[in-house]
There are 2 protein chains.
Amino acid sequence: MLMSLKTGPRIKEIHITPIAIVDPPLLNAAGLHAPYALRTIVELVTDDGISGISEIPGTSAIDAALHDSIALLIGKDVFQLNEIRQVLINRFGTDTAAERGETPWDQRKLVHIFSAIEVACMDIIGKVTGRPIVDLLGGKMRDRVPFAAYLFYKYGGAGGELGFGTDPAATGWAAARQASGLTPVEMVTQAKAMCTEFGFQSIKLKGGVFEPQQEVDAMFALHEAFGPDIPLRLDPNAIWKLETGIKYGRQLEPILEYLEDPVRGQENMAKVRQALTIPLATNMCTTSFGDIPNSIRLGAEDIILSDHHFWGGLRASMTLAGICETFGRGLSMHSNSHLGISLAAMVHLGAALPHLTYALDTHYPWQSDEIITAGRFTFEEGAVAVPTEPGLGVELDRIALARLHQNYLSCGLTKRDDQVEMQKVQPGWTFQSVRW
Amino acid sequence: MLMSLKTGPRIKEIHITPIAIVDPPLLNAAGLHAPYALRTIVELVTDDGISGISEIPGTSAIDAALHDSIALLIGKDVFQLNEIRQVLINRFGTDTAAERGETPWDQRKLVHIFSAIEVACMDIIGKVTGRPIVDLLGGKMRDRVPFAAYLFYKYGGAGGELGFGTDPAATGWAAARQASGLTPVEMVTQAKAMCTEFGFQSIKLKGGVFEPQQEVDAMFALHEAFGPDIPLRLDPNAIWKLETGIKYGRQLEPILEYLEDPVRGQENMAKVRQALTIPLATNMCTTSFGDIPNSIRLGAEDIILSDHHFWGGLRASMTLAGICETFGRGLSMHSNSHLGISLAAMVHLGAALPHLTYALDTHYPWQSDEIITAGRFTFEEGAVAVPTEPGLGVELDRIALARLHQNYLSCGLTKRDDQVEMQKVQPGWTFQSVRW
């Protein structure tokens, strides 16, 4: 049992593979999901042939930065994560307001790149130490990690087609995923199909798509359909004006577990929070460690929806958990369209969090592709069992990787642009950061 | 290289051994160090016979609580640190203001006990994974960890005798450690001997012993003797009144790297901080995660002097480092009289900290005992090389343990009480939390 390792394993190869995965026509405040969502798969191989993998949101800019970082990382001991982070800070800087622009919850090279490298290194560390990643984060606080049903307004169709008009009354999640979902009734149908299939015990609606009353009506329809024991959340994606956030927030108080990003910016969030009795959650107004001091000063939110891809990895997310505990903030998790490598990392992190009082977000039910050899994860009662194999506990399906990389090459997308997709179905539509 | 460990190693035995180590008659605001300082050595042994060790400040109350926790811990997988912490929280509660009383930087069962168990578990984790503890904290940011010379006002003598009057002009650290040190001249002699022996590049004086002008004079004597390139610090142990802190803080501005705990309480610290241009450090006003929100709100200090024994272990200290980085606080390290097991843990942690802009405190030069088989640590240019062996990288000297435990049984001390010791040399002396 006693080993004498001391140095290495060292990074010998870094493989960066952009992929495109089938994504349904989901609506949000920024527009419409394209037929494909982009992810980037990173694989590190050590000098003794051990492979570690990770998955991050894909853009050609991040991919290029990852390629830029290869020379800095080759030869590094995978245990030296503090040093690796510093090397990447030296190269890419820490995120600045300037870099973040209109989408402050994204577009930051350092956090994405370090997240990709850290998760893959931890996959290797887990393999060489024989432990699942959760044990490298202090060990399991729970054996199963709960997720919420993530409802979307959507057009009918999936798989790259915009097949409007599929019958929303068709039964089963596969049918519901194909169906459109725009009305409160359709939203209840979607929710029932998703909850039946995955067993979710909490429900979130991605809002910010229609004028507020329609979305509030959808929430009341869900409340009516599911009763008071299923926590409900609405996420207007920060597109509401301050007075709209307060007005509809008050309407929603009796039925919501929390209201997510009703308005844009920490100052506005703090004002809505003052006016309401239900908690506010965010993955848009407080999205980096640099945002935390103002968040605390203003009291911008009650719950931070973390995301290891955006907060700089799994260990940084544990630090965020410590900050949230220290300042009395709740913590849960944000998601983007993703496959099983990201899900595995989210589950390991979710299992290690000392306090987890809210089910995590995941887009996973909306995806049909997978890139791990075991096939798609299963949910039981809305929860995913924490992998017990060493590292992430999932292995790369190289045939799927090649196929999804070919999708990437064929689809022509280089970054997510929901406005462009929306204009294909609603010519002239433009994103407004505050709409109602 | 690929292992399949998954479960275990599990805790099979827990050995708790109070020891008493020779301590010189050092003065501080609370009184006088007793002839012996108490430490508790904890050893965990796993079901496959691997030993992990730790050292914490010793009191019979903490020892009793450790004994209480044995039944809760036997059988636990050493990787399950999050679960172990929760089990101890369930048993002992989190620290409360009530529990902390007059010495808010101490007397908290949970943090001490969890620190003891966590460090010993990480020693085992390091051994089974073949990595030094620093690599379990994200890896080394530096190969050597810098410490500061820690000067004390003192009576002459060491080894349990109060042999006043030893010649302070005698050369060498061994002689200086025996000598008294009460005047500015004697303090310079002490500093020169200590810096010559250990190569320290920073100097701290434990003040709060004499009226402020005498201590300020000592700092100016040190400045005169060492020049502007050696950073100086003074720690009045929070015994000054607010106006005293501001008055003497201003005098000291030209020569101090930082002023440590000039006054008592976060509010007073914040007021002194407003009035001065030099940084304030603390290990007395902000001493737990529960103190952080008020610290941030008030702006109580610039630098937190962490201590893994008091902040709940090494991983919690890394979280504290993340909080300090997030809020623009500096971070360094506090110390008590200690031996090499604590020093090893401090060095691993100090090596992993992403930012370390201040040399750490250590009482280690004042101790002559040791409890590790390799004998006493050596300092080069004031720094300690990070151990490279698996785990802490130090092994328990069982003969020394038996001898120092016998000291504990013989000396009759059950907790630190500097007031009682002071009364032995100054009858009627009483501790005042604010004196000048």
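Please read all numbers here as calculations on a predicted model, not as lab measurements. Chain A is the first sequence line, chain B the second, and so forth, proteins listed ahead of strands; every chain is numbered from 1.
Residue contact with chain A, scored on non-hydrogen atoms closer than 4.5 Å, is absent for B:Ile84. The part of B:Gln86 that comes within reach of chain A is its side chain, from C-beta onward, which places non-hydrogen atoms under 4.5 angstrom from that chain. In this structure, chain B has a heavy atom under 4.5 Å from the backbone of A:Leu137, while its side chain stays farther away. Of the atoms belonging to B:Arg85, it is side-chain heavy atoms, and not backbone ones, that fall under 4.5 Å from chain A.
Counting heavy atoms from C-beta outward, A:Asn82 and B:Lys140 have side chains that stay 4.5 Å or more apart. At a threshold of 4.5 Å between non-hydrogen side-chain atoms, the residues B:Pro132 and B:Thr388 do not count as touching.
Around atom CD of B:Glu395, no more than 12 heavy atoms belonging to other residues, nucleotides or ligands sit under 6.0 Å away.
Ring geometry for A:Phe289 against A:Trp311 counts as perpendicular: the plane angle is over 60°, on a 0 to 90° scale with 30° as the lower cut.
The existence of a salt bridge linking A:Arg273 and A:Glu301 is excluded, since no basic side-chain nitrogen approaches an acidic carboxylate oxygen closer than 4.0 Å.
The candidate from B:Arg315, B:Met141, B:Arg297 with the greatest count of non-hydrogen atom pairs under 4.5 Å with chain A is B:Met141.
Annotation: residues 316-326 of chain B contacts chain A through B:Met318, B:Thr319, B:Gly322, B:Ile323, B:Glu325, B:Thr326 [non-hydrogen atoms, separation under 4.5 Å].
The backbone N or O of B:Asp291 sits less than 3.5 Å from a side-chain atom of B:Gln266, completing a donor-acceptor pair.
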*Run the side-chain contact (heavy atoms from CB on, under 4.5 Å) check on B:Leu314 and B:His348 step by step: do they pass?*
CA-CA 9 Å; B:Leu314 299 174; B:His348 283 287; 5.5 Å; no
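Taking B:Arg142 as the reference, nothing meets the salt bridge (charged side-chain N to carboxylate O under 4.0 Å, His left out) condition, with sequence neighbours excluded.
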